[in-house]
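Please read all numbers here as calculations on a predicted model, not as lab measurements. Scope of the values below: all heavy atoms of this structure, side chains included, with no hydrogens, waters or symmetry mates. Order of the sequence lines sets the chain letters (A, B, ...), proteins ahead of strands, with each chain counted from 1.
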Protein chains: 2
Amino acid sequence: MKSQNQTPSTDTLKDRTHERLQELILTGDLVPGSKLLETQVAARLDVSRATLREAMIRLSEIGLLVNLPFRGTYIRKLDRVDLQEIYSFRTGLEKMAFQFGWDKRDLISLADLQMRNERLCQTISDNDAFGAIMAELHLHDWCYELSGHSLLLQSWERLKPNLQFYFAMHQKAHDRAGPLRESHDEYIRLAKGDNLDEMLRHLEDHMQQGLQNTQSFLDTTSPG
Amino acid sequence: MKSQNQTPSTDTLKDRTHERLQELILTGDLVPGSKLLETQVAARLDVSRATLREAMIRLSEIGLLVNLPFRGTYIRKLDRVDLQEIYSFRTGLEKMAFQFGWDKRDLISLADLQMRNERLCQTISDNDAFGAIMAELHLHDWCYELSGHSLLLQSWERLKPNLQFYFAMHQKAHDRAGPLRESHDEYIRLAKGDNLDEMLRHLEDHMQQGLQNTQSFLDTTSPG
DNA sequence: GAGATCAATATTGTCGACAATATTATTAAT
DNA sequence: ATTAATAATATTGTCGACAATATTGATCTC
């Protein structure tokens with residue numbers, strides 16, 4: 001009667017703990033810069049310390065947590081320079097993605113892109129701030145999936161939570177803070193077009209604009 | 001009398017285990033594709049399973065190990081497509097590094113570059129294959145350090161062990177397999193010059209050549 | 001009263017044992 | 001003899017306890 005190795009048990013407690021802890025960080029439930037007490041967090045998530053520690057390692061690798069041996073693990077702090085690095089690196093990655101994927105575009109994938117943009121516009125119209133963040137990231141996922149480059153995709157998947165972190169903090173600060181409705185119009189237009197260089201050049205602008213938007217709230221919040 | 005928090009205990013057993021295990025993989029002591037039995041490896045390294053597991057997670061994140069939940073952890077396999085991805089991604093990263101660092105070059109850093117190249121030539125002359133691998137990687141470290149971009153550097157540090165892995169396997173296959181003595185002459189010349197575009201274009205060729213060299217042995221070894 | 005020295009507490013690092021799952025060996029049925 | 005079902009074994013996942021280190025608090029000296 002058991003499903004046996006039909007479903008080969010892909011879910012470990014460690015993985016679920018990883019997910020839930022990331023959620024807690026991205027929600028802002030755990031405040032940036034604060035120390036994470038293993039016993040306390042383990043109790044809150046109802047897992048053992050060993051399991052929690054395994055989950056935390058991956059978040060430390062990504063950069064959402066910072067681990068100091070024997071000293072403790074801290075939530076990443078908001079920092080202007082870090083944010084700039086995230087964006088400049090992201091720009092480079094996304095340019096790579098478009099270069100790798102440019103010739104792989106077809107009607108199906110372009111229709112997919114169109115859909116992702118429409119979903120983004122929808123969430124913005126609905127005033128669903130969190131949904132808009134997720135929808136924007138999902139829109140940008142497109143080029144990485146298109147590229148068919150697993151290392152590139154992995155790298156983006158590692159970077160994404162950090163972006164999401166800043167987005168969430170931004171959103172938490174002033175609560176009308178998501179992307180603008182027409183912010184991706186040019187992006188989509190060029191992605192559908194046939195001029196790669198123009199697309200790459202636009203990416204710089206697009207990212208710069210995104211950085212400005214996200215960066216703005218850092219002045220008001222943390223003076224350092 | 002105790003040094004106290006003068007030296008804030010940066011060394012954990014987990015970290016040393018991580019290093020040693022990576023060493024074992026890169027030496028080819030643990031054969032590609034083979035399964036890693038936790039009890040066995042833990043005994044060999046004289047650490048507990050919990051400690052070993054924490055060390056393995058980081059190696060899995062990098063890609064040197066592949067973890068299947070409840071099934072086990074395996075040494076990465078040699079694969080032609082993977083190697084191509086490593087190289088194409090590396091090309092993109094290194095182009096980024098040169099773009100970020102181009103204006104930061106000065107006499108000191110260029111002298112540093114020169115020294116790294118000389119050391120590489122020296123190890124090649126000495127027929128020190130392993131040393132040559134390390135020296136070549138260290139030469140390429142230069143541009144990432146120059147860029148001053150921590151995310152970019154991190155990304156390179158993650159990719160590097162995988163390259164080293166293929167280099168080591170190559171070297172193990174036919175044992176005269178390191179980089180050629182003059183392979184970096186053009187690279188150095190352009191890095192010292194004032195034409196970024198030319199440098200970037202050369203990078204493509206340089207990497208393509210490196211790929212060809214490293215890739216060659218895959219045919220003879222593993223047919224798949 | 002400020003600063004240093006040492007004890008007490010809290011927190012992280014490491015370990016060995018148990019539980020859950022997968023793999024292998026055995027048996028039974030056709 | 002081949003395949004399916006089941007028992008036995010091996011391996012990974014998870015836990016609670018102990019050891020090592022850091023942090024806090026108290027005591028002492030000047």
Side-chain angles (χ1 to χ4, degrees), chain A residues 1-22 24-25 30-31 33-61 63-77, chain B residues 1-22 24-25 30-31 33-61 63-77:
Chain A
M1 191 53 98
K2 289 197 296 182
S3 61
Q4 203 77 9
N5 53 2
Q6 191 81 1
T7 309
S9 300
T10 179
D11 251 33
T12 66
L13 183 55
K14 171 187 70 173
D15 292 332
R16 277 169 297 180
T17 303
H18 168 89
E19 293 264 350
R20 288 204 294 155
L21 184 53
Q22 176 163 320
L24 252 54
I25 299 170
L30 299 167
V31 296
S34 68
K35 184 172 179 177
L36 231 57
L37 294 184
E38 294 181 355
T39 313
Q40 192 172 308
V41 177
R44 178 169 177 180
L45 297 180
D46 196 35
V47 297
S48 75
R49 270 186 60 228
T51 302
L52 173 67
R53 281 172 62 88
E54 290 198 357
M56 290 201 307
I57 292 177
R58 297 169 56 173
L59 292 170
S60 297
E61 288 289 312
L64 239 40
L65 296 179
V66 178
N67 177 264
L68 306 176
F70 297 104
R71 306 286 300 276
T73 305
Y74 296 79
I75 309 283
R76 118 167 263 154
K77 275 192 290 191
Chain B
M1 189 57 93
K2 287 198 298 183
S3 61
Q4 204 78 10
N5 52 2
Q6 191 81 0
T7 308
S9 300
T10 179
D11 251 34
T12 66
L13 181 57
K14 172 188 69 175
D15 291 331
R16 277 170 298 180
T17 303
H18 166 89
E19 294 265 349
R20 288 205 294 156
L21 184 53
Q22 176 163 320
L24 251 55
I25 299 170
L30 299 167
V31 297
S34 67
K35 183 171 178 178
L36 232 57
L37 294 185
E38 295 183 354
T39 312
Q40 192 172 310
V41 177
R44 177 169 179 180
L45 297 180
D46 195 35
V47 296
S48 76
R49 269 185 62 228
T51 301
L52 174 67
R53 281 172 62 87
E54 290 198 359
M56 290 200 309
I57 291 177
R58 296 169 56 174
L59 291 170
S60 297
E61 288 289 312
L64 240 39
L65 296 178
V66 178
N67 177 265
L68 306 176
F70 297 106
R71 306 287 301 277
T73 305
Y74 296 79
I75 309 283
R76 116 168 264 155
K77 275 192 290 191

Legend entry - Rounded distance (Å) that lies between atom P of D:dT11 and atom NZ of B:K35: 7 Å
Inset, instruction - Ignoring the backbone of B:L37, work out which of D:dT11, C:dT12, C:dT14 is nearest its side chain. - result: D:dT11
Legend entry - Of A:Y74 and A:K14, the one whose closest DNA chain D nucleotide lies more 5': A:K14
Legend entry - Whole angstrom value for the distance that separates P of C:dG13 from NE2 of B:H18: 16 Å
Legend entry - B:M56 CE to D:dT12 P, straight-line distance once rounded to whole Å: 7 Å
Inset, instruction - Write down the distance between CZ (B:R53) and P (C:dG13), rounded to a whole number of angstrom. - result: 17 Å
Legend entry - Gap between atom CD1 of B:I57 and atom CZ of A:R53 - 0.5 Å precision: 10.0 Å
Inset, instruction - With sequence neighbours excluded, tell me which residues meet salt bridge (charged side-chain N to carboxylate O under 4.0 Å, His left out) with A:R20. - result: none
Inset, instruction - Could you tell me the separation between the CZ atom of B:F70 and the P atom of D:dT12, rounded to a whole number of Å? - result: 12 Å
Legend entry - Residue-level proximity of residues 40-52 of chain B to DNA chain D when a heavy atom falls under 4.0 Å: B:R49
Inset, instruction - Send over the distance from A:R71 CZ to D:dT23 C1', rounded to a whole Å. - result: 9 Å
Legend entry - Side-chain donor-acceptor contact under 3.5 Å, A:N67 with A:T73: yes
Inset, instruction - Decide yes or no for A:L59 and A:I25: does some side-chain heavy atom of the first lie under 4.5 Å from some side-chain heavy atom of the second? - result: yes
Legend entry - Distance in Å, A:L65 CG paired with A:Q22 CD, rounded so as to fall on 0.5 Å steps: 9.5 Å
Legend entry - Separation of C:dT12 P from B:D15 CG (nearest whole Å): 16 Å
Inset, instruction - Find the distance B:E38:CD to D:dG13:C1' and express it as a whole number of Å. - result: 8 Å
Legend entry - Those residues that, when tested against A:R58, pass salt bridge (charged side-chain N to carboxylate O under 4.0 Å, His left out) (two or more places apart): A:D15, B:E61
